[in-house]
Amino acid sequence: MSKIQIGILAVQGDVTENFLATMASMSELGIDGTVIQVKTTEQISELDGLIIPGGESTVIGQMSLVNGGLKKIKEKIESGMPVFGICAGMILLSKNSKDKVVGKVEQPLLDVLDVKIERNSFGRQKNSFEANISMEPIGISSFNGVFIRAPSVSETGSDVKILAKFNEKIVAVKQGNILATAFHPELTSDISLHKLFVKLVANLS
Amino acid sequence: MIPLSGDIPDSKGVICEKIDSNSVVRGNSTLKRGFAHMLKNGVVMDVTNVEQAQIAEEAGAVSVMVLDKLPSDVRKAGGVARTASIRIIEEIMNHVTIPVMAKCRIGHVYEASVLDETNVDMIDESEVLTPADEYHHIWKWDYTTPFVNGARSLGEALRRVEEGAAMIRTKGEPGTGNVAEAIYHIKKVNEELRTIKSIYDSDDKQELVKMARDLKVSYDLVEETAKLGRLPVVNFAAGGIATPADAAYLMSLGCDGIFVGSGIFKAEDAQERARAVVLATTFWDELDKVKEAQKMIDERQSLLGLDVKNLDLKMQERGSTV
């Protein structure tokens with residue numbers, strides 16, 4: 001495959017950390033490609049893969065609606081572009097989301113990942129935690145999961161593969177070209193999940 | 001990348017426990033500073049009730065900050081400004097999905113403990129309220145909830161980080177609708193950062209030790225900051241921001257995000273202005289979007305504002321100077 005281009009959606013949230021983790025992954029895998037921070041539809045249409053970072057899903061959703069970015073991302077994912085959604089990104093990819101305390105809130109979603117999400121599933125910031133996660137289906141037996149006001153998946157469609165659970169709650173899933181985690185691999189020095197995503201984009205896996 | 005580790009040994013705020021036989025850690029630097037990272041490129045809005053909090057959430061605020069009175073009303077009211085009513089904070093927590101912050105008085109260990117117990121997502125040890133201790137700030141490592149502190153200089157910012165702040169906001173002059181002080185302080189911090197970076201790059205250890213003494217901060221933290229060339233935690237701008245153009249300008253000076261106090265809910269077009277400030281913060285580097293945002297507001301409905309030269313009360317100067 002020729003040179004790949006991976007975008008980090010740079011609307012709101014921890015964009016830089018994902019940028020660096022993706023750069024490191026490409027270099028470690030020896031894959032020729034570029035990583036760019038993207039906001040506009042023109043930039044998004046050029047991409048081979050996209051990471052939607054952690055942040056506030058309500059903000060990233062609303063601000064991506066403004067310039068048509070959200071619609072373009074949905075088109076690209078539906079036509080097969082790999083996407084990796086982290087925390088807020090996982091919520092945005094979902095078909096359905098409600099908050100654990102507040103309940104249903106109107107917010108723009110991409111409606112491509114066949115799951116129901118419970119937002120703030122583990123509680124507020126004081127209950128944010130680090131814990132060891134196992135993702136056996138993708139050969140990662142131990143991963144330091146950083147959960148910050150994290151969501152979880154409460155229901156999955158038949159095409160959704162469950163990659164990890166924590167205390168019976170689903171925290172990582174894969175559905176075809178879509179990868180999503182409730183925790184933040186970009187806040188650790190372990191780049192194995194970003195590498196997995198880069199391989200998915202480069203069509204190596 | 002901004003480092004996420006930085007815990008002091010035996011910090012009381014760090015909790016190790018088991019949940020259903022799984023070991024978890026809470027309240028460490030990764031989780032506290034990591035939380036601040038999730039706010040980047042966002043706008044935190046001051047609110048005093050559920051209705052304002054919902055307007056803020058719908059407008060795209062990344063978080064809301066609960067106060068008893070907006071800063072410009074604190075200024076008018078005089079007297080002692082204290083932390084907001086817990087009942088109102090809880091009511092807001094039950095009605096919005098975004099993080100909820102609240103302010104405690106500088107040095108008021110028990111107001112902070114009550115907010116920690118209330119489970120707010122972040123505590124702001126703030127000069128907008130009347131300081132409770134003129135000689136000490138709170139030792140923030142004792143708390144599981146992360147803190148944000150204000151700063152007017154690099155030394156002030158790093159001293160707060162040393163006390164455990166997970167986030168900094170460069171101060172302006174709250175409740176004035178006047179952005180001049182916010183601009184002055186971020187430029188000053190940037191200039192000081194450039195100075196220590198150039199000392200670090202020239203490998204002059206002796207000069208860096210001298211800088212640490214001048215800044216009244218430990219050498220290790222000064223060295224780490226100098227190497228990084230920026231503050232070692234997320235840094236937002238605050239104080240006096242009233243328009244989308246104010247917000248965009250501060251983003252262009254390298255701020256990671258924006259706090260807006262009286263600027264939104266003391267304006268007469270609060271709903272539209274809230275959306276406009278978020279738009280300008282997100283797209284600060286696209287001038288057509290900033291213009292679009294600026295067009296959404298009506299200058300005749302802005303907070304009238306105050307000249308910072310003739311203030312009876314300079315909030316930015318409150319609290320211990322070391």
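All values derive from a computational prediction rather than experimental measurement.
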Verify side-chain contact (heavy atoms from CB on, under 4.5 Å) between A:Leu196 and A:Phe84, making sure each step is shown before the conclusion.
CA-CA 10 Å; A:Leu196 185 98; A:Phe84 182 10; over 6 Å; no
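- B:Arg169 pairs with exactly one of B:Asn235, B:Asp124, B:Asn149 by the side chain to side chain donor-acceptor pair (under 3.5 Å) rule, that one being B:Asp124.
- Looking at B:Arg87 and B:Glu90, no side-chain N of the basic residue comes within less than 4.0 Å of a carboxylate O on the acidic one, giving no salt bridge.
- A:Lys169 has its side chain within reach of A:Ser121: a pair of non-hydrogen atoms, C-beta onward, lies under 4.5 Å apart.
- Scanning for side-chain contact (heavy atoms from CB on, under 4.5 Å) contacts around A:Asp99 gives A:Val101, A:Val102, A:Arg119, A:Asn120, B:Thr97, with sequence neighbours left out.
- Counting only N and O atoms by type, the side chains of A:Asp159 and A:Gln175 include no donor and acceptor under 3.5 Å apart.
- Neither the backbone nor the side chain of B:Tyr143 comes within less than 4.5 Å of any heavy atom in chain A.
- Counting all heavy atoms, side chain and backbone alike, B:Gln294 lies closest to B:Ala245 at OE1-N, 3.0 Å.
- Distance check, rounded to the nearest 0.5 Å: CG of A:Leu193 to CD1 of A:Ile138 gives 5.0 Å.
- Taking 4.5 Å as the heavy-atom cut-off, the residues of residues 125-133 of chain A that approach chain B are A:Gln125, A:Lys126, A:Asn127, A:Ser128, A:Phe129, A:Glu130, A:Ala131, ordered by number.
- Counted by atom type alone, B:Asn22 and A:Asn167 present one or more donor-acceptor pairs between their side chains at under 3.5 Å.
- Neither the backbone nor the side chain of B:Val234 comes within less than 4.5 Å of any heavy atom in chain A.
- Both the backbone and the side chain of B:Val278 come within less than 4.5 Å of a heavy atom of chain A.
- For A:Met90 against A:Leu113, the heavy-atom pair with the smallest separation is O-CD2, 4.5 Å.
- Of all heavy-atom pairs between B:Leu115 and B:Ile86, the closest is CD2-CD1, 4.1 Å.
- You'll find the side chain of A:Pro185 reaches within 4.5 Å of the side chain of A:His194, heavy atoms only.
- A salt bridge links B:Glu163 with B:Arg160; the closest basic N to acidic carboxylate O contact falls under 4.0 Å.
- Using a 4.5 Å heavy-atom cut-off against chain B, the contacting residues of residues 23-47 of chain A are A:Lys39, A:Thr40.
- Contacts of B:Asp256 with chain A are absent, with no heavy-atom separation under 4.5 Å from either backbone or side chain.
- One finds a salt bridge joining A:Lys72 and A:Glu75 here, because a Lys/Arg side-chain nitrogen approaches an Asp/Glu carboxylate oxygen to under 4.0 Å.
- Residues A:Lys95 and A:Ile117 have side chains not in contact (no heavy-atom distance under 4.5 Å, counting atoms from C-beta outward).
- Of all residues in residues 50-59 of chain B, those placing a non-hydrogen atom less than 4.5 angstrom from a non-hydrogen atom of chain A are B:Glu57, B:Glu58, B:Ala59.
- When heavy atoms are compared at a cutoff of 4.5 Å, B:Leu279 approaches chain A by way of both its backbone and its side chain.
- For B:Met93, the parts sitting under 4.5 Å from any heavy atom of chain A are the backbone and the side chain alike.
- The nearest pair of heavy atoms linking A:Ile77 to A:Asn177 is O-ND2, 3.0 Å.
- In terms of heavy-atom pairs under 4.5 angstrom with chain B, the leader among A:Glu168, A:His184, A:Arg124 is A:Arg124.
- Contact between A:Val115 and A:Thr156 at its shortest, heavy atoms only, is CG1-CG2, 4.0 Å.
- With chain B as the partner, the residue from A:Asn67, A:Val105, A:Ile60 showing the most heavy-atom pairs under 4.5 Å is A:Asn67.
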